[in-house]
*Asks:* 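The structure is given below, and queries will be raised subsequently.
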Amino acid sequence: MADGKSRTRTVERDMAELHHCLGEWADGAHAGLALKRLVEAGWGDLPMPASGRTLERWAVLAAVGERDLVLAKLLESHADALAILHELRGAACASPGQTWAVWCAEPPDRRLEFRHGGQEGVTLHGVKAWCSAAQWVTHAVVSGWNGRGEPCLAAVDMSQPEVRATTQGWHAVGMAGTASGDVQFDGARAIALGEPRAYTERPGFMHGAAGVAACWYGGAAGIARHLHRLARRRQDDAFVQAHLGAVDVALAQAASLLRGAAASIDASPFDNCAVPVQRARLAVEATVQTVLERAPRALGAGPLCKDAGLARLFADLPVYLRQSHAERDLAAHGKAMAMLPAEPAWTL
């Protein structure tokens with residue numbers, strides 16, 4: 001096993017290679033093609049959560065998010081699907097070269113029905129909403145409901161004629177590059193994953209939630225780098241320096257909590273680590289709000305209008321952030337904290 005210094009050098013080299021790949025592929029290519037190329041180059045095979053290398057997993061997602069939040073969303077979904085398959089013993093469903101997505105949103109007007117299809121198989125009936133990259137991915141992990149009204153999970157091959165991806169249901173400018181839409185399933189065959197309710201009850205559900213926050217963090221850091229470059233050019237502008245100072249503190253706080261959450265997950269792989277994960281997610285959300293408020297005030301209209309990459313980050317990040325449940329997540333975290341003594345949590 002490599003020592004700490006060797007591992008650090010390997011990670012730095014890997015990240016340099018990733019940035020090179022992003023520079024070659026992300027610009028000018030639609031996100032589905034960019035995802036395919038990243039997967040073919042090995043970047044879809046990230047360390048599993050709770051494997052001892054959780055932070056490395058998140059670092060890759062954040063690095064992609066700095067450059068392109070749409071691509072980060074697709075890569076995170078692909079990696080999350082592989083983690084779910086691994087955790088629910090469905091790894092045999094996946095093969096090299098495939099691209100995956102996870103579609104588990106449950107809006108009240110769209111409910112996918114699972115019918116028994118023999119052995120471990122099910123057939124899917126109905127419409128699944130909020131399906132990112134549905135026209136591009138080869139496979140997906142989807143949630144639905146069995147005949148007893150229980151939430152279930154299945155892996156489906158998207159190449160079947162009984163599957164029809166549409167572009168309906170998405171009208172936002174932000175994250176439009178994900179090509180999200182509704183998918184119609186008319187008896188498509190799928191493989192059941194785990195028992196009913198396994199998706200949310202497994203520890204990896206919370207672990208994956210922090211991976212999404214790593215993508216948000218990457219988008220905030222990408223905007224912050226533009227602010228940093230401006231501050232270096234205008235070192236006599238106290239207002240720009242003040243905005244950079246506030247953004248730096250916010251990013252450092254969020255990064256610290258993400259590192260702490262990763263360490264907790266690796267130390268207790270069979271625990272959902274809900275408290276450190278929720279702290280990290282909520283801290284990243286607050287950091288994103290700080291960046292979105294302060295960076296435009298410092299940058300002004302010019303970069304927002306003339307830098308296409310920066311404009312995409314500003315359009316995509318607020319939409320992607322709403323994958324958070326905002327005050328509901330705060331309330332859930334507060335309720336969890338109310339069950340704990342204050343001293344152990346807050347004493348230095």
Side-chain angles (χ1 to χ4, degrees), residues 1-19 38-39 42-66 69 71-91 94 100 102 104 141 198-221 251-285 287-288 320 323-324 329 333 336:
M1 182 178 291
D3 59 28
K5 291 184 178 179
S6 298
R7 184 64 214 156
T8 299
R9 286 195 295 270
T10 301
V11 171
E12 289 175 349
R13 184 179 66 248
D14 288 349
M15 297 305 287
E17 179 187 339
L18 175 60
H19 282 289
L38 282 179
V39 169
W43 290 105
D45 187 21
L46 300 180
M48 289 292 172
S51 65
R53 298 171 58 194
T54 300
L55 186 61
E56 292 178 40
R57 176 185 181 90
W58 296 351
V60 171
L61 296 175
V64 177
E66 282 194 35
L69 279 169
L71 183 54
K73 161 70 174 172
L74 269 53
L75 181 62
E76 186 278 328
S77 187
H78 170 86
D80 190 38
L82 298 186
I84 292 169
L85 294 175
H86 173 76
E87 292 166 15
L88 298 183
R89 300 183 180 180
W100 284 77
V102 176
C104 291
V141 172
Y199 173 59
T200 56
E201 291 180 352
R202 65 195 171 89
F205 179 73
M206 290 302 296
H207 304 169
V212 175
C215 297
W216 301 339
Y217 179 88
L251 285 168
Q253 290 170 337
S256 178
L257 286 171
L258 282 169
R259 294 186 191 106
S264 294
I265 290 169
D266 287 336
S268 303
F270 300 108
D271 191 315
N272 65 12
C273 300
V275 169
V277 165
Q278 281 287 48
R279 281 180 180 152
R281 272 178 62 97
L282 291 165
V284 172
E285 181 172 2
T287 292
V288 169
Y320 195 1
Q323 194 166 336
S324 157
D329 285 348
H333 181 61

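In this chain, residues are counted from 1 in sequence order. Fair warning: this is a prediction, and the values are worked out from it, not measured in the lab.
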*Asks:* Please check this pair: side chain of T287 against backbone of A283, looking for a donor-acceptor N/O pair closer than 3.5 Å.
*Replies:* yes
*Asks:* More than 12 foreign heavy atoms under 6.0 Å from CG of D271: is that the case here?
*Replies:* yes
*Asks:* Could you check whether atom NE2 of H86 has more than 12 heavy atoms from other residues, nucleotides or ligands sitting under 6.0 Å from it?
*Replies:* no
*Asks:* Of the non-hydrogen atoms in A221 and L251, which two are nearest, and what is the gap between them?
*Replies:* N-CD2, 4.2 Å
*Asks:* Would you compute the distance between atom CG of D45 and atom CG of L82 and round it to the nearest 0.5 angstrom?
*Replies:* 7.5 Å
*Asks:* Step by step, work out the side chain to side chain contact (heavy atoms under 4.5 Å, CB included) result for W58 and I265.
*Replies:* CA-CA 12 Å; W58 296 351; I265 290 169; 3.8 Å; yes
*Asks:* Does W100 reach the side chain of L85, with side-chain heavy atoms less than 4.5 Å apart?
*Replies:* yes
*Asks:* Any side-chain heavy-atom pair from L88 and Y199 closer than 4.5 angstrom?
*Replies:* no
*Asks:* Kindly determine whether M48 and T54 satisfy side chain to side chain contact (heavy atoms under 4.5 Å, CB included), including the steps that lead there.
*Replies:* CA-CA 7 Å; M48 289 292 172; T54 300; over 6 Å; no
*Asks:* Looking at every non-hydrogen atom in both residues, tell me the closest pair between D329 and Q278 and how far apart they are.
*Replies:* O-NE2, 4.1 Å
*Asks:* So, do R202 and H207 sit near enough that their side-chain heavy atoms are less than 4.5 Å apart?
*Replies:* no
*Asks:* Return the minimal non-hydrogen interatomic distance between V284 and W216, and the atom names on each side.
*Replies:* CG1-CB, 3.7 Å
*Asks:* How about N272 and F205: do any of their side-chain heavy atoms sit closer than 4.5 Å?
*Replies:* no
*Asks:* For C215 versus L61, what's the shortest heavy-atom pair and its separation?
*Replies:* SG-CB, 3.9 Å
*Asks:* For the residue pair L74 and L38, establish whether any side-chain heavy-atom pair is separated by less than 4.5 Å.
*Replies:* no
*Asks:* Might you point out which heavy atoms bring G52 and D266 nearest each other, and give the distance in Å?
*Replies:* N-OD1, 3.0 Å
*Asks:* Between D80 and V212, is any pair of side-chain heavy atoms under 4.5 Å apart?
*Replies:* no
*Asks:* How far does CG of L46 sit from CD of E76, to the nearest 0.5 angstrom?
*Replies:* 10.0 Å
*Asks:* Examine distances only and state if a side-chain atom of R57 and a backbone atom of A79 form a donor-acceptor pair shorter than 3.5 Å.
*Replies:* yes
*Asks:* Minimum heavy-atom separation for R281 and A213, please, with both atom names.
*Replies:* CG-CB, 3.7 Å
